[in-house]
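Each remark here refers to the structure printed beneath this line.
Treat the numbers as computed from the prediction; the structure is a model and nothing was measured.
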Amino acid sequence: IKYLNRRITKMFASAKRDEIERKETGRRVPGAEWVYYIDTRSLCNASWAFAQLALKHDELMEAVSEETCKKIFDCSAQQLAICAWSYAKMQRVDLQLMQTLAEEAVLRLQEFN
C-alpha cells in the first residue's frame, strides 16, 4: 500500500509539474522527465481504491479532485458515480468537485441506469 501511495503521488506530481508541455493524447511525452497522462478512469480508480482501503492522503485526493474537475467531460456516468461515492465514503468535503459532479450528472441523467 505504501508503494502504491508513493507511485500515485509521484505520477500526480510529475503530471502537475509538466502540465504545460503535456499533450492530451494519452501518450507519455518526453521532456526533462517522463510525464504521465492521467485519464479519468485512472483518477476514479485511484479514489475508489483509497476509499475501499480507508486510506487517508489529503494531497493525493486534492490532486484527484483537481484533475477530475478539469477532465469532467471525459468521465462516463459510472465514473461520475464512483468518484462521488469515493469522496462520500472517505467523508471528504470537496465542494468544487461535488458541484462539478452534480452539474455533469444532471446534464447526463439519461446515461444513468
In this structure, CH2 of Trp85 is separated from CD of Gln52 (nearest 0.5 Å) by 4.0 Å
Among Lys70, Gln79, Glu67, which residue meets the side chain to side chain donor-acceptor pair (under 3.5 Å) test with Thr40? Gln79
Worked verdict on Ile72 versus Leu80 for side chain to side chain contact (heavy atoms under 4.5 Å, CB included): CA-CA 8 Å; Ile72 196 72; Leu80 295 173; 3.4 Å; yes
Is the shortest distance from a Lys or Arg side-chain nitrogen in Arg92 or Asp58 to a carboxylate oxygen in the other one below 4.0 Å? yes
Just do the salt bridge (charged side-chain N to carboxylate O under 4.0 Å, His left out) check on Asp39 and Lys71 with the steps written out, would you? CA-CA 8 Å; Asp39 64 353; Lys71 300 172 182 175; over 6 Å; no
Can you see which heavy atom on Ala77 is nearest to which on Arg108, and at what distance? N-NH1, 3.9 Å
Test of understanding: with side-chain hydrogen bond (donor to acceptor under 3.5 Å, both in side chains), list the residues that count as partners of Glu62, not counting sequence neighbours. none
Tightest non-hydrogen contact, residues His57 and Leu60, listed as ND1-N, 2.9 Å
Main chain of Met61, side chain of Ser65: is a donor-acceptor contact present, judged purely on distance under 3.5 Å? no
Using every non-hydrogen atom in the two residues, find where Cys83 and Cys44 come nearest and quote the distance to one decimal. CB-SG, 4.1 Å
Could you go through Cys75 and Glu104, starting from their C-alpha distance and side-chain angles, then the distance that decides it, and tell me whether this counts as side chain to side chain contact (heavy atoms under 4.5 Å, CB included)? CA-CA 9 Å; Cys75 286; Glu104 192 65 21; 6.0 Å; no
Same apolar cluster (I L V M F W Y, side chains within < 4.5 Å links), Val106/Phe73: no
For Phe112 and Ala81 the tightest heavy-atom approach is CE2-CB, 4.4 Å
State plainly whether one hydrophobic cluster holds both Met98 and Met90, where clusters connect Ile, Leu, Val, Met, Phe, Trp and Tyr through side-chain heavy atoms under 4.5 angstrom apart. yes
Yes or no on side chain to side chain contact (heavy atoms under 4.5 Å, CB included) for Ser86 and Phe50, after CA distance, side-chain angles and deciding distance? CA-CA 8 Å; Ser86 300; Phe50 273 69; over 6 Å; no
Test of understanding: with side-chain hydrogen bond (donor to acceptor under 3.5 Å, both in side chains), list the residues that count as partners of Gln99, not counting sequence neighbours. Glu103
Which heavy-atom pair separates Ser47 from Val64 by the least distance, and what is that distance? CB-CG1, 4.2 Å
More than 12 heavy atoms of other residues, nucleotides or ligands under 6.0 Å from CD of Gln78: yes or no? no
Hydrophobic cluster membership, with links at side-chain heavy-atom distances under 4.5 Å among I/L/V/M/F/W/Y: are Leu97 and Trp48 in one? no
